Amino acid sequence: MRRIFLLFTSVATLVGLWIIPGPAAATPSYCGLVWGSLDKASPPMSTGPVNGVRSGRHECFDRLVIDLAGSAPGYHVGYVDRVTMDGSGTPVPLRGGAFLAVVVHAPAYNEAGQPTYQPQNRNELVNAAGYQTFRQVAWAGSFEGQTTVGLGVRARLPMRVFTLDGPGSGARVVVDVAHFW
């Protein structure tokens with residue numbers, strides 16, 4: 001009888017251990033993204049001027065691309081209370097629940113001071129209609145060798161910034177902003 005009791009107790013203990021869940025696994029972030037929302041920066045300057053701004057939609061994020069005619073520049077991208085015009089400090093009106101100041105360490109003019117990028121509409125550099133995160137992309141100027149673009153987004157969300165070489169002898173600054181945390 002005692003053996004049956006010990007056997008029953010052992011089986012019950014093993015079943016209990018099997019049923020009790022172990023430590024919870026970490027909840028994966030949205031799409032596996034682990035970017036965060038703190039400022040991103042890279043210090044080098046470039047004399048290759050800005051010559052275009054474009055955007056794209058992806059499954060997990062919206063993308064802003066700033067094209068340059070020269071080598072990859074440095075940048076400083078961060079959430080701000082408001083984006084201001086380079087030189088004057090005048091606020092740039094933006095739609096959205098949060099605002100990114102995208103500063104590229106390259107001018108939008110050539111050595112003669114002639115513009116290399118002249119947006120048709122300074123308030124709408126790209127059409128952000130239908131984007132999940134982007135609300136507006138606006139021009140904030142180019143002054144003393146740096147160019148600033150204001151990016152209005154739905155909320156303060158994770159982002160990443162990096163540079164790519166090409167096409168040709170040009171380069172790109174890429175800003176991706178996640179759709180969710």
Side-chain angles (χ1 to χ4, degrees), residues 27-42 46 48-69 72-109 115-143 146-167 170-181:
T27 303
S29 63
Y30 174 72
C31 287
L33 305 177
V34 291
W35 300 339
S37 64
L38 297 178
D39 289 7
K40 314 291 190 254
S42 175
S46 176
V50 172
N51 61 13
V53 176
R54 55 196 167 94
S55 64
R57 293 181 286 186
H58 295 264
E59 182 180 347
C60 299
F61 56 87
D62 291 344
R63 172 170 283 177
L64 179 69
V65 178
I66 300 175
D67 293 309
L68 292 100
Y75 53 81
H76 184 272
V77 178
Y79 283 98
V80 294
D81 292 333
R82 70 175 175 251
V83 175
T84 58
M85 290 290 291
D86 282 345
S88 72
T90 304
V92 175
L94 286 169
R95 292 183 302 276
F99 312 112
L100 281 167
V102 180
V103 179
V104 177
H105 299 166
Y109 48 83
T116 57
Y117 175 66
Q118 290 183 297
Q120 290 183 13
N121 181 347
R122 292 173 165 252
N123 296 319
E124 304 287 339
L125 300 184
V126 300
N127 182 359
Y131 280 61
Q132 194 160 347
T133 297
F134 288 0
R135 295 297 180 257
Q136 183 180 3
V137 182
W139 184 252
S142 188
F143 184 71
Q146 72 178 25
T147 301
T148 304
V149 171
L151 177 56
V153 296
R154 183 172 48 78
R156 185 177 178 131
L157 294 162
M159 53 114 173
R160 71 175 173 178
V161 184
F162 57 96
T163 59
L164 294 170
D165 290 329
R172 297 163 279 168
V173 174
V174 179
V175 179
D176 292 336
V177 183
H179 293 161
F180 300 101
W181 273 97

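Quick caveat: nothing in here was measured; it's all calculated off a predicted structure.
- From His58, atom NE2 reaches atom OH of Tyr131 across 8.5 Å, with rounding to the nearest 0.5 Å.
- A distance of 12.5 Å separates OG1 of Thr133 from CG of Leu64, quoted to the nearest 0.5 Å.
- In this structure, CG on Asp39 lies 10.5 Å from OH on Tyr79, to the nearest 0.5 angstrom.
- Residues Val92 and Ala138 come closest through the heavy atom pair CG1-CB, 3.9 Å.
- When every heavy atom of Ala41 is checked against every heavy atom of His76, the shortest pair comes out as CB-CD2, 3.7 Å.
- Rounding to the nearest 0.5 Å gives a distance of 11.0 Å between CG of Asn127 and CD of Gln136.
- Distance check: Lys40 NZ to Leu100 CG gives 9.5 Å after rounding to the nearest 0.5 Å.
- Contact check for Leu125 versus Tyr117: side-chain heavy atoms found under the 4.5 Å cut-off.
- Residue Ser142 forms a side chain to side chain donor-acceptor pair (under 3.5 Å) with just one option from Asp86, Thr116, Thr147, and that option is Thr147.
- Here the rule is side chain to side chain contact (heavy atoms under 4.5 Å, CB included) with Arg54, and of Ile66, Asp67, Val137 only Asp67 fits it.
- Taken to the nearest 0.5 Å, the CZ atom of Arg172 stands 10.5 Å off from the CG atom of Leu68.
- Shown are Arg57, His179, Arg135, Gln132; of these, the side chain to side chain donor-acceptor pair (under 3.5 Å) with Asp62 is made only by His179.
- With a 4.5 Å cut-off on side-chain heavy atoms, Trp181 and Pro158 count as touching.
- Counting all heavy atoms, side chain and backbone alike, Val50 lies closest to Ala106 at CG2-O, 4.2 Å.
- Between Asp176 and Phe162 the shortest side-chain heavy-atom distance falls below 4.5 Å.
- Between Ala98 and Ala155, the shortest heavy-atom distance links the atoms CB-C, 3.5 Å.
- Within a 6.0 Å sphere centred on CZ of Arg82, heavy atoms belonging to other residues, nucleotides or ligands number 12 at most.
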Would Phe61 and Cys31 satisfy side-chain contact (heavy atoms from CB on, under 4.5 Å), going step by step from the backbone distance to the final call?
-> CA-CA 9 Å; Phe61 56 87; Cys31 287; over 6 Å; no
Can you check side-chain contact (heavy atoms from CB on, under 4.5 Å) on Val103 and Tyr75, steps first, answer last?
-> CA-CA 5 Å; Val103 179; Tyr75 53 81; over 6 Å; no
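- For Asn121, the CG atom is densely surrounded, since the number of other residues' heavy atoms within 6.0 Å is greater than 12.
- Pairing each heavy atom of Val126 with each of Val53, the nearest pair is CG1-O, 3.9 Å.
- In this structure, Arg154 forms a cation-pi arrangement with Phe180, its terminal cationic atom sitting closer than 6.0 Å to the ring centre and no more than 45° off the ring axis.
- Here the closest heavy-atom approach between residue Asp165 and residue Ala72 is recorded as OD1-CB, 4.1 Å.
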